[in-house]
Asks: 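To start, I am sharing the structure in question, which I have written as structure tokens.
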Amino acid sequence: MKSYTHSAYNAPPPGCQRHGIEGVSMSQEDIAGEDGFDEEAARASLSEQQRIRREKLAKLQAEGRDPFAVVTWNQSHHSAEIKEKFEELENKDVSVAGRVMSFRDIGKASFIDLQDRDGRIQVYLNADGLGADAYAEVKTWDMGDIIGVEGYVFKTRRGEISVHAKRMVLLTKAIEPLPEKFHGLKDPEQRYRRRYLDLVMNPQVMDTFKKRTRIIRAVREYLDEREYIEVETPILGTIASGAAARPFVTKSNALNLQLYLRIATELYLKRCIVGGMERVYEMGKDFRNEGIDIRHNPEFTMIELYQAYADYNDMMELCENICAHAAQVATGSTTITYQGTELRFAPPWRRLTMMDAVKEYGGIDFASVASDEDARSLAVEKGLADELKKKLKDCTKGDILNAAFEKYAEKELIQPTFIIDYPADISPLTKQKPGDPSMTERFEAFIYGREIANAYSELNDPIVQDDRFRQQAKERELGDDEAYMLDEDFVSSLEVGMPPTGGMGIGIDRLIMFLTDSYSIRDVILYPTMKPVN
RNA sequence: GGGCCGUUAGCUCAGCUGGUAGAGCAGCAGACUCUUAAUCUGCGGGUCGCAGGUUCGAUCCCUGCACGGCUCACCA
């Protein structure tokens with residue numbers, strides 16, 4: 001036998017040699033040295049509790065009762081259902097399964113808290129119900145083990161709905177002890193790295209991820225009912241465009257080609273509109289090679305949708321309706337509480353222009369700023385220079401308006417609010433406003449000071465689009481490595497003709513954060529990006 | 001990337017001007033046939049994140065590193 005661990009998992013029949021070459025004898029040392037395993041060392045590295053559980057398992061296996069050999073269990077009911085339908089089920093037999101979360105021995109009777117998908121159900125067991133041998137056997141099981149229980153439903157003297165066990169089967173042995181039953185698993189690092197333990201120990205976490213699924217389904221249903229077609233577009237491509245962000249770089253061996261992970265789905269979805277799909281959406285992961293914090297994970301879920309013959313006003317309506325619908329589905333109300341603040345999702349949301357927002361929250365009236373020159377003087381006067389991504393001399397009025405918005409207004413937008421009419425300089429894929437080519441038909445939705453959606457009347461003039469891309473190329477040269485990459489094929493598609501179109505992106509993780517009252521984006525992503533331990 | 005903080009038993013956490021560690025839960029042994037953070041008695045369990053340094057002596061002081069949390073910058 002090779003190692004303690006292996007022997008405990010899978011004891012070979014006596015006399016069966018699993019390793020070593022026929023006719024060649026190998027000493028224990030050779031075998032241990034060969035693959036770096038040493039039985040004594042392996043045993044010594046285990047905690048007392050790990051060792052005891054492995055020994056219990058080995059004993060079962062030696063007796064031919066390997067719990068890992070069990071294949072199925074008929075689960076007639078879940079915990080929540082038994083509690084909900086108690087009147088109907090009282091004294092009826094049920095069959096449940098789940099993880100042992102708590103053991104309470106009271107002399108010759110015991111209580112087990114069994115946890116399944118929906119919660120916990122108490123199991124009452126004694127020698128009268130199970131037989132003396134079986135009862136003694138169950139007492140050797142451990143917290144964390146997964147078991148099946150058959151018995152009848154009853155209510156204890158204290159009023160706890162329980163299953164009175166007639167038959168119990170060990171379905172899976174946990175050879176690792178669970179975290180502490182009352183405090184649970186608290187260490188954030190362990191919670192994210194070992195999410196399975198987080199899910200087992202913290203019911204709130206299970207609830208959040210169930211809600212996540214419901215929210216995503218609600219958004220899809222909302223769009224499917226309105227005849228949107230759901231599509232899938234490439235994640236790998238030679239151009240990462242459609243947003244201002246730094247991409248992840250990877251490489252195709254077959255093509256001997258540098259590829260990027262997508263940062264947005266925009267340009268492919270608009271090609272679908274060119275192709276005549278009329279209403280299209282994609283919900284999926286985008287990847288942005290940027291900072292990681294409480295609101296940003298390098299891979300995150302975004303929905304982008306495009307609707308032909310519509311504009312950004314239609315997108316505003318759609319945005320508030322989708323969010324309100326999702327809130328209703330997730331929480332039962334369109335008014336939610338996020339980190340102690342009441343947020344009202346019911347439409348209509350407040351709408352104000354970026355310029356009005358800067359006037360209201362920053363006291364600066366950009367309507368009276370005539371030129372880029374004047375704007376730059378204003379930026380110096382108001383100390384906005386630090387907010388700018390480029391050197392001041394390269395900044396336009398639009399850049400400075402946006403900087404002022406981000407500095408003064410953004411954090412004030414607590415209730416859901418649409419900020420409309422963005423500067424053309426920072427919106428290269430957006431149609432200009434009729435009568436004011438410096439501004440575009442674009443909005444961003446803000447909730448709790450955070451951007452949650454971004455939408456426009458899509459630019460469909462191929463010649464203007466080409467110019468805008470070339471302007472972005474210049475921005476790149478000026479040091480903005482987040483400027484949009486030129487996608488010539490996309491421009492070609494516009495030459496074929498894209499109908500007037502409204503488009504929108506909604507940050508799904510952020511929406512879910514609000515609707516589950518989660519402080520960090522890592523609390524709504526099952527496996528957030530983490531550095532490896534070593 | 002910068003700043004601040006953290007890393008001690010399986011888990012949650014204490015640990016005093018530096019003298020190689022404690023509690024609760026969990027585990028083991030025992031008592032108890034309606035408990036539910038059950039209770040009661042007893043007993044085990046530690047590479048104090050890693051590597052150096054100072055010191056007679058380091059969980060504690062210093063330096064470096066790793067991982068994490070918060071925060072600022074960037075971003076959605």
Side-chain angles (χ1 to χ4, degrees), chain A residues 44-53 55-56 100-114 120-130 135 140 142-144 154-162 164 174-194 197 200-202 243-246 263-264 285-304 386-389 406 410 444-447 450-454 480-482 505-511 513 519-522 528 530-534:
Chain A
S45 74
L46 295 173
S47 73
E48 180 189 34
Q49 298 191 48
Q50 290 171 316
R51 207 183 63 241
I52 288 165
R53 286 173 182 236
E55 283 164 0
K56 285 180 180 176
V100 175
M101 297 305 289
S102 173
F103 252 112
R104 292 181 295 282
D105 285 353
I106 318 291
K108 293 184 174 58
S110 303
F111 294 91
I112 284 174
D113 288 338
L114 190 69
R120 294 187 182 184
I121 186 81
Q122 180 171 270
V123 176
Y124 176 73
L125 54 142
N126 58 22
D128 303 337
L130 285 171
Y135 182 63
T140 68
D142 293 299
M143 291 214 282
F154 79 113
K155 202 178 259 186
T156 65
R157 273 175 221 161
R158 299 285 182 98
E160 178 88 15
I161 294 168
S162 307
H164 196 300
I175 59 173
E176 188 75 20
L178 288 178
E180 208 253 357
K181 67 180 172 189
F182 185 64
H183 296 93
L185 185 68
K186 280 248 174 63
D187 178 3
E189 179 173 357
Q190 293 305 313
R191 288 189 45 224
Y192 301 139
R193 286 192 194 281
R194 309 185 73 194
L197 283 178
V200 168
M201 299 308 300
N202 299 320
R246 290 197 299 274
I263 57 173
K285 293 274 185 77
D286 285 343
F287 306 84
R288 297 190 184 174
N289 204 344
E290 285 164 355
I292 300 175
D293 63 28
I294 212 122
R295 267 158 281 156
H296 300 86
N297 195 60
E299 53 177 307
F300 61 100
T301 300
M302 172 92 116
I303 185 167
E304 287 191 41
D386 296 344
E387 313 280 322
L388 296 164
K389 287 167 205 166
E406 287 176 359
E410 200 169 317
E444 289 188 354
F446 291 87
I447 301 175
R450 297 176 188 168
E451 184 192 339
I452 191 160
N454 181 16
D480 184 357
D481 56 0
E482 291 177 5
I506 299 175
I508 293 294
D509 303 300
R510 287 194 175 172
L511 179 62
M513 284 170 72
Y519 176 66
S520 168
I521 196 167
R522 294 182 151 197
M530 302 284 281
K531 278 193 189 178
V533 179
N534 295 313

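These figures come from a predicted structure and were not determined experimentally. In what follows, chains carry the letters A, B, and so on, assigned in the order in which the sequence lines appear, proteins first and then strands, with residues in each chain numbered from 1. All values below were derived from every heavy atom in this structure, side-chain atoms included, with hydrogens, water molecules and symmetry-related copies excluded.
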Asks: Counting the atoms with a prime plus P, OP1 and OP2 as sugar-phosphate, which does A:Q190 contact under 4.0 Å by heavy atoms, base, sugar-phosphate, or nothing?
Replies: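 Counting heavy atoms under 4.0 Å across all strands, no contact is made by A:Q190.
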Asks: Just call it for A:R450: base, sugar-phosphate, or nothing, with non-hydrogen atoms closer than 4.0 Å on any strand.
Replies: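 Nothing: the residue A:R450, judged by heavy atoms under 4.0 Å, touches no strand.
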Asks: For a quick check of understanding: with a heavy-atom distance under 4.0 Å over all strands, which category does A:I294 fall into, base, sugar-phosphate or nothing?
Replies: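 Counting heavy atoms under 4.0 Å across all strands, the contact made by A:I294 is with sugar-phosphate only.
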Asks: When we call it a touch if two heavy atoms are under 4.0 Å apart, what does A:G291 touch: a base, just sugar-phosphate, or nothing?
Replies: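 Base, at least one base atom sits under 4.0 Å.
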Asks: Please report the distance separating the C1' of B:G49 from the corresponding atom of B:C56, rounded so that it comes out in whole Å.
Replies: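 Straight-line distance between the two C1' atoms is 27 Å.
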Asks: Give one of base, sugar-phosphate or nothing for A:G505, where a contact means two heavy atoms less than 4.0 Å apart.
Replies: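 Touches nothing.
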Asks: Closest to the A:A109 side chain: B:G68, B:U33, B:G10?
Replies: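 It is B:U33.
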Asks: What distance, rounded to whole Å, do you find between the two C1' atoms, one in B:A9 and one in B:U47?
Replies: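 Their C1' atoms lie roughly 13 Å apart.
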Asks: Taking the side chain of A:K56 as its heavy atoms from C-beta onward, which of B:A76, B:C67, B:C28 lies nearest to it?
Replies: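 Side chain of A:K56 sits closest to B:C28.
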Asks: Expressed as a whole number of angstroms, how long is the span from A:R194:CZ to B:C11:C1'?
Replies: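 To the nearest whole Å, that distance equals 11 Å.
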Asks: A:D142: which residues meet the salt bridge (charged side-chain N to carboxylate O under 4.0 Å, His left out) condition with it, sequence neighbours left out?
Replies: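 Checked A:D142 against salt bridge (charged side-chain N to carboxylate O under 4.0 Å, His left out); matches are A:K56, A:K173.
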Asks: Name the nucleic acid region contacted by A:D187, choosing base, sugar-phosphate or nothing; use a 4.0 angstrom heavy-atom cut-off, strictly under.
Replies: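 Sugar-phosphate contact only - A:D187 comes under 4.0 Å of backbone atoms but never of a base.
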Asks: What is the distance, to the nearest angstrom, from the NZ atom on A:K531 to the C1' atom on B:G68?
Replies: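 Those two atoms, NZ and C1', are 10 Å apart.
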Asks: Looking at every strand, decide which applies to A:F446 at a 4.0 Å heavy-atom threshold: base, sugar-phosphate, or nothing.
Replies: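 Counting heavy atoms under 4.0 Å across all strands, no contact is made by A:F446.
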Asks: Looking only at the side chain of A:D142 (C-beta and beyond, no hydrogens), which of the listed nucleotides B:G68, B:C28, B:C34 gets closest?
Replies: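 Closest nucleotide to the A:D142 side chain: B:C28.
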Asks: Any chance you could list the contact pattern along nucleotides 36-48 of chain B? Use B for base contacts, S for sugar-phosphate-only contacts and - for none, protein heavy atoms under 4.0 Å, 5' to 3'.
Replies: BBB-----BS---
Asks: Can you see if the side chain of A:R53 gets near the phosphate of B:G27 - specifically, an N or O under 4.0 Å from OP1 or OP2?
Replies: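 No, A:R53 has no side-chain N/O under 4.0 Å of OP1/OP2 on B:G27.
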Asks: Does a salt bridge link A:K108 with A:D128, judged by any charged N lying under 4.0 Å from a carboxylate O?
Replies: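 No.
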Asks: Quantified in whole Å, what is the P atom distance between nucleotide B:A58 and nucleotide B:A51?
Replies: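 My reading of the P atoms in B:A58 and B:A51 gives 14 Å.
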Asks: Can you name the one residue among A:L114, A:T156, A:I112 that meets side chain to side chain contact (heavy atoms under 4.5 Å, CB included) with A:Q122?
Replies: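 Exactly one candidate clears the test, A:T156.
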Asks: Using the C1' atom as the reference point in each nucleotide, state the distance between B:G2 and B:C62 in Å, no decimals.
Replies: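 After rounding to an integer number of Å, I get 22 Å for this pair.
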Asks: Distance check, P atoms only: B:G46 and B:U59, in whole angstrom units.
Replies: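 Their P atoms lie roughly 16 Å apart.
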Asks: Rounded to the Å, how far apart are A:Q50 CD and B:G27 P?
Replies: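 A:Q50 atom CD is separated from B:G27 atom P by 14 Å.
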Asks: Whole-Å distance between B:G10 P and A:M201 CE?
Replies: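 These atoms are roughly 16 Å apart.
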Asks: So what does A:A244 hit on the nucleic acid, given a heavy-atom distance under 4.0 Å: a base, only sugar-phosphate, or nothing?
Replies: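 A:A244: backbone/sugar contact only, no base atoms under 4.0 Å.
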Asks: Choose from B:U71, B:C11, B:G68 the nucleotide whose nearest atom is closest to any side-chain atom of A:Y519.
Replies: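 Nearest to the side chain of A:Y519 among the choices is B:U71.
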Asks: Please convert RNA chain B into dot-bracket. A pair counts if it is Watson-Crick or G-U wobble with both distances under 3.5 Å; crossing pairs go in [ ] and bases paired with another strand get |.
Replies: (((((((..((((.....[..)))).(((((.......))))).....(((((..]....))))))))))))....
Asks: Give A:M143 one of three labels, base, sugar-phosphate or nothing, depending on what nucleic acid heavy atoms sit under 4.0 Å from its own.
Replies: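 The answer is sugar-phosphate, as A:M143 gets under 4.0 Å only of primed atoms, P, OP1 or OP2.
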Asks: To the side chain of A:D293, which of B:U12, B:U33, B:C74 is closest?
Replies: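 Among the listed nucleotides, the one closest to the side chain of A:D293 is B:C74.
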Asks: Which is true for A:D481 with a 4.0 Å heavy-atom rule: it touches a base, it touches only sugar-phosphate, or it touches nothing?
Replies: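 Contact class for A:D481: none.
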Asks: With rounding to the closest Å, how many angstrom separate the C1' atoms on B:U8 and B:G15?
Replies: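 My reading of the C1' atoms in B:U8 and B:G15 gives 9 Å.
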